Amino acid sequence: MNPLISIADTAFVHPSAQLYGKVNVGDGASVWCNAVVRSETAHVEIHEAANIQDFVMIHTDPGKPVVVGAYTSVTHHATLHGCTIGDHCLIGINAVVYNGAVIGAGSIVGQNAYVKDGTIVPPNSIVVGSPAKVIATRDNRLPNRVNAEFYRLNGAAYARGDHRAWDGPDFEAWFADMLKRLASEYA
């Protein structure tokens, strides 16, 4: 393993994911099937309980690292390039967030959105389109955190060889307890 790659003991990185360069994967974070993280020129930080889903591409440019905040979900086929994503965000399927863009905490970037270079998205925004524009403002932290908690649970299950963690009475009990705990935390 590359000595510049740091993966927390509680993180899950799928065997088909490819990490190159200087990459830090935080506690409870997960990097899923066929995701690619390349950091030849700057570093990549994937913070606590963030999830990088199937076929995501993360790449840096000189002086432009990629930072993915805690409890953030970067969904299937999204591309992050030299950008910063705040805590408690959701980046939609096939979205692109480009060099120097900053997505504020608690935001949602819609599927197929293109956030062009240098765009600053305020916290708690919902952003859609190409080029992406803010269409609404609301606190999205709780639903985005719930999604990230699903992936934290799933990463731990996959590490044990369990590919059905979102099914059955154990999941339903976990889900009810998690919602109760987070509802008071985000009240």
Side-chain angles (χ1 to χ4, degrees), residues 11-12 17 25-37 44-60 64-155 165-166 171 174-175 178-187:
F12 171 73
V25 181
D27 288 327
S30 55
V31 182
W32 290 90
C33 310
N34 299 301
V36 176
V37 179
V44 172
E45 297 175 25
I46 300 168
H47 289 193
E48 177 186 359
N51 58 88
I52 308 302
Q53 297 177 18
D54 314 57
F55 296 99
V56 166
M57 166 55 86
I58 296 177
H59 194 227
T60 62
K64 292 189 174 29
V66 173
V67 177
V68 178
Y71 304 105
T72 288
S73 297
V74 181
T75 67
H76 316 291
H77 290 273
T79 299
L80 304 182
H81 203 282
C83 60
T84 299
I85 312 297
D87 296 343
H88 297 87
C89 288
L90 186 136
I91 308 302
I93 293 171
N94 282 322
V96 174
V97 183
Y98 204 62
N99 281 355
V102 176
I103 307 299
S107 293
I108 295 173
V109 175
Q111 63 188 14
N112 297 308
Y114 171 60
V115 181
K116 67 183 187 175
D117 54 322
T119 301
I120 307 299
V121 173
N124 301 314
S125 295
I126 298 174
V127 185
V128 299
S130 181
K133 297 190 182 332
V134 175
I135 61 161
T137 301
R138 73 169 179 248
D139 186 349
N140 302 295
R141 291 175 307 145
L142 179 58
N144 291 350
R145 170 79 181 263
V146 168
N147 191 74
E149 291 291 351
F150 283 169
Y151 273 87
R152 184 200 310 233
L153 174 74
N154 213 30
W166 296 359
F171 170 75
W174 171 86
F175 182 63
M178 185 260 304
L179 282 181
K180 183 177 178 183
R181 177 177 48 87
L182 292 181
S184 65
E185 190 176 322
Y186 289 88

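All values derive from a computational prediction rather than experimental measurement.
- Contact annotation: the side chain of N140 never approaches that of H88 to less than 4.5 Å [non-hydrogen atoms, C-beta and beyond].
- Residue N94 holds its CG atom at 8.0 Å from OG1 of T79, rounded to the nearest 0.5 Å.
- Here K64 contributes atom NZ and N99 contributes atom CG; the two are 5.5 Å apart, rounded to the nearest 0.5 Å.
- Under the 3.5 Å distance criterion, the side-chain polar atoms of N34 are left unmatched by any main-chain donor or acceptor of D54.
- Of all heavy-atom pairs between R152 and G28, the closest is CG-O, 3.6 Å.
- A pairwise comparison of heavy atoms in G26 and A11 identifies O-CB, 3.5 Å as the closest pair.
- H47 has its side chain out of reach of Y71: every pair of non-hydrogen atoms, C-beta onward, lies at least 4.5 Å apart.
- A distance of 6.0 Å or more separates the ring centres of F55 and W32.
- Looking at D87, its side chain never comes within 3.5 Å of a backbone N or O of A105 through a donor-acceptor pair.
- Between P122 and T137 the shortest side-chain heavy-atom distance does not fall below 4.5 Å.
- Under the 4.5 Å side-chain criterion, counting only non-hydrogen atoms from C-beta, F150 is in contact with W174.
- Rounded to the nearest 0.5 Å, atoms CZ (R181) and CD (E149) are 5.5 Å apart.
- Put simply, the side chain of D139 gets close to the backbone of R141: a donor and an acceptor are under 3.5 Å apart.
- Between H81 and H59, the ring planes lie perpendicular to each other; the angle is over 60°, past the 30° to 60° tilted range.
- Atom CD1 in I108 sits 5.0 Å away from atom CD1 in I126 (nearest 0.5 Å).
- The shortest non-hydrogen separation linking V127 to A132 is CG1-CB, 3.2 Å.
- Of all non-hydrogen atoms in V31 and I46, the two that sit nearest each other are CG2-CD1, 4.1 Å.
- The closest donor-acceptor contact from the side chain of T75 to the backbone of I91 lies under 3.5 Å.
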Going by atom type alone, with no hydrogens or angles, which donor-acceptor pairs under 3.5 Å involve a side-chain atom of residues 112-120 and a protein atom two or more places apart or on another chain?
from : atom 1 : to   : atom 2 : distance (Å)
T119 : OG1    : K116 : O      : 2.8

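- Counting all heavy atoms, side chain and backbone alike, A78 lies closest to G92 at CB-O, 3.9 Å.
- The distance from the CD1 atom of I58 to the CD1 atom of I52 is 4.0 Å, given to the nearest 0.5 Å.
- N144 places a side-chain N or O within donor-acceptor distance of the main-chain N or O of S107, the cut-off being under 3.5 Å.
- T72 and C89 make their closest contact through OG1-N, 3.0 Å (heavy atoms, listed as atom of the first residue, atom of the second, distance).
- Using a 4.5 Å heavy-atom threshold, the side chains of F171 and L153 count as touching.
- To the nearest 0.5 Å, the span separating CD on Q111 from NE2 on H77 amounts to 12.5 Å.
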